[in-house]
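For the numbers below, each heavy atom of this structure counts, side chains included, while hydrogens, waters and symmetry mates do not.
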Protein chains: 2
Amino acid sequence: MRKTLRDVAEKTGVSIAVASRVLGNYGSVSSETRRKVLKEAKSIGYQPDIIARSMKTRRTHSLGVIISDITTFFFTSVVRGIEDVTSQNSYNVTLCNSDEDADKENSYLKELYQRKIDGLIISPTGENNSYLKKLIRAGLPVVLVDRRVSELQTTEVAVDNETGAWEAVKHLISLGHRRIGIVNGLSGIRTNEERFSGYKRALAEQGIPFDPGLVKYGDFRMEKGRQATQEFLNMRDRPTAMFVANEPMTTGALLALGENKTKIPEEMAILGFDDPVWAPLLNPPLTTVRQPSYSIGTIAAQVLLQKIRKVGRGRSLHEEIVLKPKLMIRESCGEETSTRRTTD
Amino acid sequence: MRKTLRDVAEKTGVSIAVASRVLGNYGSVSSETRRKVLKEAKSIGYQPDIIARSMKTRRTHSLGVIISDITTFFFTSVVRGIEDVTSQNSYNVTLCNSDEDADKENSYLKELYQRKIDGLIISPTGENNSYLKKLIRAGLPVVLVDRRVSELQTTEVAVDNETGAWEAVKHLISLGHRRIGIVNGLSGIRTNEERFSGYKRALAEQGIPFDPGLVKYGDFRMEKGRQATQEFLNMRDRPTAMFVANEPMTTGALLALGENKTKIPEEMAILGFDDPVWAPLLNPPLTTVRQPSYSIGTIAAQVLLQKIRKVGRGRSLHEEIVLKPKLMIRESCGEETSTRRTTD
DNA sequence: TTGTAGGCGTTATCAA
DNA sequence: TTGATAACGCCTACAA
């Protein structure tokens, strides 16, 4: 049988209120009774019932985390960051995978809200934010990670995607590439639009005309990366380099390149967004745009805990925390000195 | 303001009890009142308070998951499997990383228990199981993943590690390798001992004497894999092949091999336990022992849900579910036909 | 310093 | 079919 405060109180011969005070460490009790209660609690193995406590205090000390898929390098690492800071602050984390599905997202949202989480970290799918918006307005502390949604009045933590992509493509151009393909992620998601726009800006600045034939629309998943790459390879006038908008699609692209025995970077240069541990292991090592994913997690969690502490006082405001991505130049895009064949 | 049952009841003009029945979908109510209550509940946006419900029903519909580190390919994939089945059954998952630290594990255990989780999936650290044992005896439904602990009276889901390692090393031997190094994981953990024993059995069966100089003791983490590999490379009489007991250490090993520009497999063959997505992307593609990690997760979750449903009736028994690992032969160990230099 | 008692939002028993 | 009412375990005025 589970022990309750009542058990402790009875055994010690005091009231429940007194027992509650010493175990909850508040109010005033004589040091003598305190000692006795503590001793008895320990001896019968009393453990507070957090559910019952939450009922009274209206705080659960638990947070919801909704991401698209824990299976991708980026989110794994974000979640690890979150968990590290929450565990230090004795909050715990309920993990949910939305798979980019707005319905799934909404049903998790509802579930978490009913469970009275104290706060939420989410990488929203982007379609149909109305429920999320409602929760924010209702006062639920929320932090967005990876994806900005400007109409949401809350804090977002993400990398400067536009600059990241821009630097990447500029790098490609500096190595002599002119026909540069892009494998986009899910359109409609700001993160992706930003990366796309960085790509276009880099081209424009270098006077390279934008060619719609060089853009493939993916979905952030591996399979689409593979397909898109296969399509590039099948073109009569194929790109000499490709920029891929995230890690799973980059994996797919590399798979396709491997299947076609395409030489990297001679026959196709490749640069991926996200820098998984295995990037340096490839041959040639993969050039990438690194996001400080672990930090995105820790920062998001810290910010969320702050918001939770001052909940009630003041409206939630739109606020952006933007981190810098870093171009990790390795060898998958070719050498500075190499000359590129041009097609005209 | 949050709406409660009471609000619904008042607005509808019925008692709380009736409202509870229709919203909780039990007991009997006339279809007329049911309709009215439902309508009213919807119109004011009533959502049940799961905390309050748990308080009464003594079930939280939430599960704890404790693994060493979500950041490793194996556990990421296990967790994804778990989450997929739990979400279908409207259970949710609290994720905890123990980092192989028994204290951290125990404090999570305590925390989860206080939160009254309905069940637990854990990959235990191995030292100091007494608290976990106590929880199992107290009736908490528990399923062990990846790691067997025979003295715990509960279900375990894991791969046949001994056979996996045995096949791996046999493969190495069949390719002509005689000096085969091993990078072990944390000693004391059954999973690791099993892999080690498979290694030794393969050697013994082929009449190759066991050489303690060829075994390195790691900790399942990347850095130790790198160190161990460096040490192998520094030996005057270095192994021609190495078997690495998990994915992060394999990553470390590959890093070290890369830093030393060691040719794979000519100068060093390598075979790793765990088959991350990127294994086929390497050059040469990495030969591995694949564990059905996603299935380990789904099975563990299914078994746990079953146990939860029949909690109370019957003691928890020790039960093992063992899955088959699969040798994924690629090219990092050399060719069938190659001859190996021997050192004697 | 201590104890009494009400309430958090549900569920569930028992009469009506 | 309905409605009071008592829990669930804890916190917290308020009174003693």
Side-chain angles (χ1 to χ4, degrees), chain A residues 1-38 40-41 44-62 90 110-118 138, chain B residues 1-38 40-41 44-62 90 110-118 138:
Chain A
M1 249 311 278
R2 193 127 198 177
K3 305 301 180 186
T4 70
L5 255 190
R6 180 203 196 95
D7 296 315
V8 180
E10 281 178 358
K11 295 258 184 189
T12 321
V14 297
S15 72
I16 296 186
V18 169
S20 179
R21 277 179 217 130
V22 3
L23 266 0
N25 210 22
Y26 69 98
S28 53
V29 266
S30 76
S31 58
E32 174 58 8
T33 34
R34 140 165 283 112
R35 204 185 47 70
K36 284 199 291 186
V37 170
L38 249 22
E40 196 56 44
I44 68 172
Y46 168 76
Q47 292 196 340
D49 180 328
I50 297 192
I51 300 280
R53 176 179 290 167
S54 300
M55 180 113 196
K56 192 67 197 174
T57 61
R58 315 271 69 192
R59 331 191 96 216
T60 53
H61 263 246
S62 68
S90 52
K110 187 173 159 199
E111 165 91 14
L112 292 172
Y113 190 58
Q114 289 182 171
R115 282 180 187 276
K116 302 216 175 331
I117 49 168
D118 288 346
Chain B
M1 246 313 277
R2 193 126 195 178
K3 305 302 181 185
T4 71
L5 258 188
R6 180 203 196 95
D7 297 315
V8 180
E10 280 177 359
K11 294 256 185 190
T12 321
V14 296
S15 72
I16 296 187
V18 169
S20 179
R21 275 178 219 129
V22 3
L23 266 0
N25 210 21
Y26 68 98
S28 52
V29 267
S30 74
S31 58
E32 174 58 10
T33 34
R34 139 164 283 111
R35 202 184 50 69
K36 283 198 293 189
V37 170
L38 249 22
E40 195 57 41
I44 69 173
Y46 168 76
Q47 291 196 339
D49 181 328
I50 299 194
I51 300 280
R53 175 179 291 167
S54 298
M55 178 113 194
K56 195 65 195 169
T57 63
R58 317 270 65 197
R59 332 192 95 217
T60 53
H61 263 246
S62 68
S90 51
K110 188 173 158 198
E111 165 93 13
L112 292 172
Y113 191 58
Q114 289 182 172
R115 281 179 187 275
K116 302 218 176 331
I117 49 169
D118 289 345

Gap between atoms NZ and P, on A:K116 and C:dG9 respectively (whole Å) | 8 Å
Distance, rounded to the nearest Å, where B:N25 contributes CG and C:dA12 contributes C1' = 16 Å
Would you give the length of the straight line joining atom CG of B:L112 to atom CG of B:D118, rounded to the nearest 0.5 angstrom?
-> 12.0 Å
CD1 (B:I117) and CD1 (A:I50) are apart, to the nearest 0.5 Å, by 11.0 Å
Across all chains, not counting sequence neighbours, the salt bridge (Lys or Arg N to Asp or Glu O under 4.0 Å) partners of B:R35 are B:E32
Return the set of residues passing salt bridge (Lys or Arg N to Asp or Glu O under 4.0 Å) with B:E111 (not counting sequence neighbours), or none when no residue passes.
-> B:R115
Show which side-chain atoms of residues 11-19 of chain A pair as donor or acceptor with protein atoms under 3.5 Å away, not counting sequence neighbours.
from	atom 1	to	atom 2	distance (Å)
A:T12	OG1	A:V8	O	2.5
A:S15	OG	A:A17	N	3.4
A:S15	OG	A:V18	N	3.3

Please report, to 0.1 Å, the donor-acceptor pairs under 3.5 Å made by any side chain of residues 21-28 of chain A, with sequence neighbours excluded.
from	atom 1	to	atom 2	distance (Å)
A:N25	OD1	A:R34	NH2	3.4
A:Y26	OH	A:S20	OG	3.3

Compute the angle between the rotation axes at the two ends of the helix from C:dT1-D:dA16 to C:dA16-D:dT1, each taken over five pairs, rounded to 10 degrees.
-> 40°
Which part of the nucleic acid does B:L5 contact within heavy-atom distance under 4.0 Å: base, sugar-phosphate only, or nothing?
-> base
Reckon A:T4 touches a base, only the sugar-phosphate, or nothing at all at heavy-atom distances under 4.0 Å?
-> sugar-phosphate
Residues two or more places apart in sequence or in another chain: which of them pass side chain to side chain contact (heavy atoms under 4.5 Å, CB included) with B:K56?
-> none
Side chain to side chain contact (heavy atoms under 4.5 Å, CB included) with A:T4: which residues, sequence neighbours excluded?
-> A:R6, A:D7
Protein N or O to nucleotides 2-5 of chain C N or O, pairs below 3.5 Å:
from	atom 1	to	atom 2	distance (Å)
C:dT2	OP1	A:S30	OG	3.4
C:dT2	OP1	A:T33	OG1	3.4
C:dT2	OP2	A:S30	N	2.9
C:dT2	OP2	A:T33	OG1	3.0
C:dG3	OP2	A:S15	N	2.8
C:dG3	OP2	A:S15	OG	3.2
C:dG3	N7	A:R21	NH2	3.3
C:dG3	O6	A:R21	NH2	2.4

Near-strand residues of residues 44-61 of chain B, defined as heavy-atom separation under 4.0 angstrom from DNA chain D | B:M55, B:K56, B:R58
For the student: nearest non-hydrogen atoms of A:K110 and B:Q47, plus distance | CG-NE2, 3.6 Å
Using the heavy-atom set of chain B and a strict 4.0 Å cut-off, write down the first and last nucleotide of DNA chain D that makes it in, 5' to 3'.
-> D:dT1 to D:dG9
Salt bridge (Lys or Arg N to Asp or Glu O under 4.0 Å) contacts touching residues 46-55 of chain B (sequence neighbours left out) | A:R58-B:D49, A:K116-B:D49
